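Written below as structure tokens is the structure these notes are about.
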Amino acid sequence: MATDLLQGSSASPPVVVVMVPFLAQSHLNQLLQFAHVVSSYDLPVHYVSSTLHISQVKSRASNPLNQLTKIHFHDYHVPFQPPPPPPNLCSKSKFPRNLIPCFEASTHLRQPVAALLRALSPTAKRLVVVHDLLTASVVQDVVSLPNAEAYSVNCGSIFAYFAYLCDGLGRNDIVPIKDIPPWDSCFPTVVNDFIAGQIRETKFQAGELLNSCRAIEGPFLELLANDINSQGEKKTWAVGPLHQTTISKELRDRDKCLLEWLDQQEPNSVLYISFGTTTTFSDEEIKEIALGLEQSGVKFIWVLRDADKADIFSNEEVRRPQLPDGFEERIKGMGMVVREWVPQVEILGHPSTGGFMSHCGWNSCMESISLGVPIAAWPMHSDQPMNALLITEVLKVGVAVREWGQRDELVTSSMISRAVRKLMASEEGDEIRKRAGELGGEVRKSTAEEGITRLEWNSFIAHITR
């Protein structure tokens, strides 16, 4: 059910924009951030998702609440059948199979989205649908409306998208890295099939948006345009970084304690560790991480929490990952273990933060790159192995904790300690940090007035309001 009334008046806006994200936290975040970008041009924006995921994205929004009031939210009931299973700690695959039902559930949005589009169509000269690449089938009814057009958003890196397309077209000769992970090693078959089906549905779209920046991935964007999409039928915009670019002043007391602790540390001395919302570790893996951090002697903030459940608001008991006996006492003053959601951008942006051990989800990569923080790359699934290669082999702003070919092996404390010390306490790490800082400066300039990303935003808005 829509959470606010459709806005209609005698002075109808020339353009109305509808955002349709996929039902996963990182995808919800990106389209919400792009909704803020579009609404800043004084265009009405409608954001559509399931009732559960509208609540989830609002509860975790990094933007001040007054900014959320500029966006019209529409939430619809979506059935999850069967109920999502809990994460399997014994599985060697890190793909969050408990989220697989979201792929099927997202398709149930087609009917309510079509009804919303039919209701909004008469209120505007042009109805613009901006949809996640993974919700292409949800918005396919846009072709039945004479004044509507659709644009897909690719929520991953351009490099991962480029490699995926090259693999499908047999053009691996133009991919600069030869040992690309096979796609079936990154995604379960059912998810690979779903993605391929959604890509086939994008034939009706008028253009595509990429959450990346020309300062980071300009060469791959050019290769996409000239070697893969050489017909030039569809326009493409690189509109990233799509994340909070200013540090929030509205922090909770617990978050203030984290930043106050960082205030007391030396510049670039603290490693931030977080593996996103879809990673769950076994007790044995947690023990190895803990011992590796302790052995490294490097100061750290470690966000230790299980992967999101399908319903983050459910009352079912949450697993509390176990640390080795006496670990927290031994690392007092050296490190902090946090078990809740934290303000990641604020932590990465703090002068004391000198590195980020990450699963290499694209949101985390973009935040880290934008803030000039190098990465200790430990990919888990999906596009993350591709992103890790981009970070370590192409951009050279990070080190590998372990190679993708070792994914079925236990990452030991010595591997973790070695990667941490290489990044945080070596001359090579200092050079990597210098490169990361320079690249971060270019990315931050991109969203300023006349920056390359700001010009991409202006170009997209000019196109849809033409």
Side-chain angles (χ1 to χ4, degrees), residues 87-96 179 181-182 185-186 269-276 278-307 319-332 334-339 353-361 364-365 368 373-382 384-389 391-393 396-429 432-433:
N88 180 2
L89 298 182
C90 298
S91 173
K92 287 188 175 180
S93 168
K94 286 294 184 184
F95 190 90
D179 295 325
S185 74
C186 303
S269 65
V270 177
L271 178 72
Y272 171 62
I273 304 124
S274 177
F275 297 99
T278 65
T279 302
T280 295
F281 288 112
S282 67
D283 290 340
E284 184 180 22
E285 290 170 319
I286 290 167
K287 177 184 176 183
E288 295 296 327
I289 296 171
L291 295 178
L293 292 173
E294 190 175 359
Q295 290 165 15
S296 76
V298 170
K299 293 182 177 180
F300 64 87
I301 291 175
W302 179 11
V303 181
L304 176 58
R305 57 191 298 276
D306 269 357
R319 171 180 175 257
R320 184 177 174 85
Q322 294 302 304
L323 289 162
D325 290 341
F327 172 75
E328 290 185 90
E329 288 73 24
R330 294 195 302 274
I331 55 96
K332 274 185 180 171
M334 170 186 168
M336 299 182 72
V337 179
V338 187
R339 296 179 180 268
T353 302
F356 180 15
M357 185 181 290
S358 171
H359 62 307
C360 295
S364 290
C365 288
S368 203
V373 178
I375 294 174
W378 185 352
M380 303 292 166
H381 59 80
S382 304
Q384 297 164 17
M386 298 291 184
N387 300 339
L389 286 174
I391 294 293
T392 59
E393 300 295 325
K396 300 187 184 303
V397 292
V399 302
V401 176
R402 66 112 163 87
E403 302 299 333
W404 185 242
Q406 301 171 288
R407 63 189 176 280
D408 291 337
E409 302 170 17
L410 178 69
V411 177
T412 64
S413 59
S414 60
M415 292 167 68
I416 290 164
S417 176
R418 186 162 56 246
V420 169
R421 293 210 45 91
K422 182 176 180 181
L423 186 67
M424 301 294 292
S426 75
E427 289 186 7
E428 183 180 352
I432 290 170
R433 190 167 298 103

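Only heavy atoms go into these numbers, but all of them, side chains included; no hydrogens, no water, no symmetry mates. If you're wondering where the values come from, they're calculated on a predicted model, not measured in any experiment.
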Examine distances only and state if a side-chain atom of [X] and a backbone atom of [Y] form a donor-acceptor pair shorter than 3.5 Å.
X: Glu285; Y: Ser282; result: yes
X: Glu393; Y: Ile391; result: no
X: Thr279; Y: Gly276; result: no
X: Arg433; Y: Gly354; result: yes
X: Arg407; Y: Arg402; result: no

List the atom of [X], the atom of [Y], and the distance in Å for their closest heavy-atom pair.
X: Leu323; Y: Ala290; result: CD2-CB, 4.3 Å
X: Ile432; Y: Pro374; result: CG2-CB, 3.7 Å
X: Ala419; Y: Ala400; result: CB-O, 4.1 Å
X: Pro182; Y: Ser185; result: O-OG, 2.6 Å

Would you check if [X] and [Y] make a side-chain contact, meaning some heavy-atom pair closer than 4.5 Å?
X: Lys94; Y: Gln384; result: no
X: Asp306; Y: Pro321; result: yes
X: Met357; Y: Val420; result: yes
X: Ser368; Y: Val397; result: no
X: Leu293; Y: Ile331; result: no
X: Ile416; Y: Trp378; result: yes
X: Leu304; Y: Ile289; result: no
X: Arg421; Y: Ser426; result: no

Could you tell me the separation between the [atom1] atom of [X] and the [atom2] atom of [Y], rounded to the nearest 0.5 Å?
X: Leu389; Y: Trp404; atom1: CG; atom2: CH2; answer: 10.5 Å
X: Glu428; Y: Leu423; atom1: CD; atom2: CG; answer: 9.5 Å
X: Leu271; Y: Ile375; atom1: CG; atom2: CD1; answer: 11.0 Å
X: Ser296; Y: Lys422; atom1: OG; atom2: NZ; answer: 15.0 Å
X: Gln295; Y: Arg418; atom1: CD; atom2: CZ; answer: 10.5 Å

Report the residue from Phe300, Trp302, Phe356 that forms a side chain to side chain contact (heavy atoms under 4.5 Å, CB included) with Tyr272.
->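 Among Phe300, Trp302, Phe356, the one meeting side chain to side chain contact (heavy atoms under 4.5 Å, CB included) with Tyr272 is Phe356.
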Pair listing, salt bridge (Lys or Arg N to Asp or Glu O under 4.0 Å) test, anchored in residues 286-305, at least two apart =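 Residue pairs passing salt bridge (Lys or Arg N to Asp or Glu O under 4.0 Å), neighbours aside: Glu294-Arg330, Arg305-Asp308.
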Thr278 and His359 side chains, donor-acceptor separation under 3.5 Å |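 Note: His359 and Thr278 side chains miss the donor-acceptor criterion.
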